[in-house]
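Both counts, for ligands and for their atoms, begin at 1 and track the order of listing. Heavy-atom basis, side chains included; hydrogens, waters and symmetry copies ignored.
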Amino acid sequence: MTTRVMGTPAAPGIAVGPVWRPGVEGSAGGAEDAGVAGRQAAEPEGRIRTAAAAAAAQLEALAARLCKLDRIGEAEILEAQALMAVDPALVDEAVRLVAAGLDPVAAVVASAEASARTLAALDDELLAARAADVRDVGARVARVLAGTNITLPDMPSIAVAADLPPSLVAEIPPGFLIGVALSGGSPTAHVAILARSLGIPAVVAASGLLEAISLPGPSATVGSPIAVDGETGEILLGPGSAELRELADRRAARATRDRRAAALRNRPAATADGERIALLANIRSPEDAARALAAGAEGVGLFRTEFLFLRRQAAPTEVEQTAAYRRAMEAFGPDRPVVIRLADIGGDKEVPYLGLPYEPNPFLGVRAIRLAHGSRELLLTQLRAIWRAAGLAGVTPRVMAAMVSTIADARLLLELRDEARAAVVATGDPCPDRMATGLMIEVPSAAILAPELARIADFFSIGTNDLTQYVLAADRGNPSLARLQDALHPAVLRTIATVIAGADAAGIPAAVCGELAGDPAGALVLVGLGVDELSADAGSLDGIRVALEGVTGAELRDLAARALAATDAETVRRLAGALLARG
Ligand code: PEP
Ligand code: MG
């Protein structure tokens, strides 16, 4: 019987093969194998330092091997780990723990664990994911000390484990690791990044996986086959012939889709009958620009600038901000717009150094443009930086504010914009004549006021993430409200239709920059509703182009009409799904 376990998709593709469970096995030698002179290393402190150096040497050797294979990204990860192995903080803490009575192996593991926990506690997803790398390094040093090894797979296999050290992945001969299924981990952990760069399908955070799979021995390489779908997050234990056939069909369909996507990448997105739709990318920093351009983005529809303010002790200065905006503008040049959203601080994005008062309901609190009713300086500084950056980059700046809910909010934005320009002009620095000024429509009151707001603004950008949470009164971060968080709910779609009608009447464009724009089903419905522009994560752009290319404009308008007439999100998904499946 097949057991199905769901996890988080971490690297696309489908793999089917036998299970490999990485486990530690004993071997003679250990530290001595690594070239430790026994007598010199007899003292625990000496043994730890020598084992750390030996582990670093192993990691450097692995990195060198990968460099030769042109696997530079992985080599860099291992080089960083080689440095971690001899990091005085890690080694000194282990030595201290030995002095406090722990045996050297336990001390190294405990020291690495302490560093990993510090990293994991940071409010930074990427740094927190590095915790796994530190644990991996600690385990390697411990293995050298204890004289143990890990048995590698001896046939093309799917690794099943709680976590998989990236250095171990690098040690497996090419072709022997064909899939990864982890009960722990995260899509931003290095093992997931490695899997993506190696093209190995991976699913992480599949709770219940280890309980569901029962294999003998700690390092078994045999077992009934399993299947991993790194796009849906499905893991099938013991798939039967019907499931295997279905997986083969899925794989073939995706290969066709990927070929189509690659062929379309550098062409403007359009329906089968040639109706164009602008496709832009959402970014969080100037560094994201390269990925967006590689994905064929026609510009940036949402630069979430609040990320420049997070994880710092103080706000970025006007000079720092100018440099960041200028880099993004120059990366896209004068013909591809970069829409800069003024910092959307508040809600789920806290900035402790601003000293904002406690909010019992942060999503309904002083957030984004609402901050400027109290203190204007934060957004004024940002607007001056944007004017300056655009002056230096030689482009027309584009700005929008989040959480606009009244006409007064929109007018405040225009006032701040003009005040900031006057300040820059007074310094004699280059400053453009105008700034395209947009409003995010993500609060129901703004949608209702769309006809009036559209007469004030140059463009609208609909934030479907917040619009959905406010229309359906369902906290977007609460997993138990998942059934109320689908932006394809007709109540949300009818609201969007109102916004588009308001924009059309005033002759301004309406974009969508919430996650719905990046969902192929969502993109079809939105284009059918008359949206002019979609902005989504760079990784979603291929899927949108393929979805649009398979349908005509008339079919999309028909889909939108049916979606508006529906009364639940499931119906809308079914209608859009039928068009997608046909495409
Ligand atoms: C939105 O709300 O849809 C949006 C794009 O903004 P954010 O997700 O950053 O709140
Ligand atoms: Mg929002």
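- At a threshold of 4.0 Å, the pair D568-R574 does not count as salt-bridged, since none of the basic side-chain nitrogens sits closer than that to a carboxylate oxygen.
- Under the 3.5 Å distance criterion, the side-chain polar atoms of R545 are left unmatched by any main-chain donor or acceptor of R260.
- For R483 and E570, the salt-bridge test fails: no basic side-chain N is under 4.0 Å from an acidic carboxylate O.
- For the pair E234 and R250, the salt-bridge criterion is met [side-chain N within less than 4.0 Å of a carboxylate O].
- Set against the non-hydrogen atoms of L302, the atoms of ligand 1 under 4.0 Å away are 5 (C).
- Close contacts between ligand 1 and M440 involve ligand atoms 4 (C), 5 (C), 6 (O) [criterion: under 4.0 Å to a heavy atom].
- Remark: distances from the non-hydrogen atoms of R367 to ligand 1 include one below 4.0 Å.
- Which parts of ligand 1 touch G463 is read off a 4.0 Å heavy-atom cut-off, strictly below it: atoms 1 (C), 2 (O), 3 (O).
- Remark: among candidates V512, L467, T468, N465, the nearest residue to atom 3 (O) of ligand 1 is N465, based on non-hydrogen atoms.
- Close N/O approach between E515 and ligand 1 is not found [any backbone or side-chain N/O within under 3.5 Å].
- Neither the backbone nor the side chain of I462 comes within 4.0 Å of ligand 1, counting heavy atoms alone.
- In this model, no donor atom of one side chain and acceptor atom of the other lie less than 3.5 Å apart for Q321 and T317.
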- Item | Test log, rule side-chain contact (heavy atoms from CB on, under 4.5 Å), inputs R370 and S405 | CA-CA 9 Å; R370 294 175 178 185; S405 37; 3.3 Å; yes
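- Ion pairing between R582 and E555 holds under the 4.0 Å rule for side-chain N and carboxylate O.
- Residue-ligand proximity, T464 to ligand 1, at heavy-atom distances under 4.0 Å covers atoms 3 (O).
- Counting atoms of ligand 1 from 1 in the listed order, those under 4.0 Å from a heavy atom of C513 are 5 (C).
- The Mg ion (ligand 2) is closest to atom OD2 of D466 (considering only N, O or S atoms).
- With values rounded to the nearest 0.5 angstrom, I544 atom CD1 is found 9.0 Å from D519 atom CG.
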- Candidate pair R434 and D458, rule side-chain contact (heavy atoms from CB on, under 4.5 Å), full reasoning: CA-CA 11 Å; R434 66 176 291 271; D458 294 317; 3.6 Å; yes
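- Remark: among candidates R284, R304, R476, the nearest residue to atom 9 (O) of ligand 1 is R304, based on non-hydrogen atoms.
- Within the 4.0 Å heavy-atom shell around ligand 1 one finds K349.
- Shortest distance from the Mg ion (ligand 2) to E442 is reached at OE1 (N/O/S atoms only).
- R291 and D537 are joined by a salt bridge, as a carboxylate oxygen and a charged side-chain nitrogen come within less than 4.0 angstrom of each other.
- Distances shorter than 4.0 angstrom occur between a heavy atom of R341 and an atom of ligand 1.
- For ligand 1, the polar-atom distance check finds no N/O of E306 at less than 3.5 Å from any of the ligand's N/O atoms.
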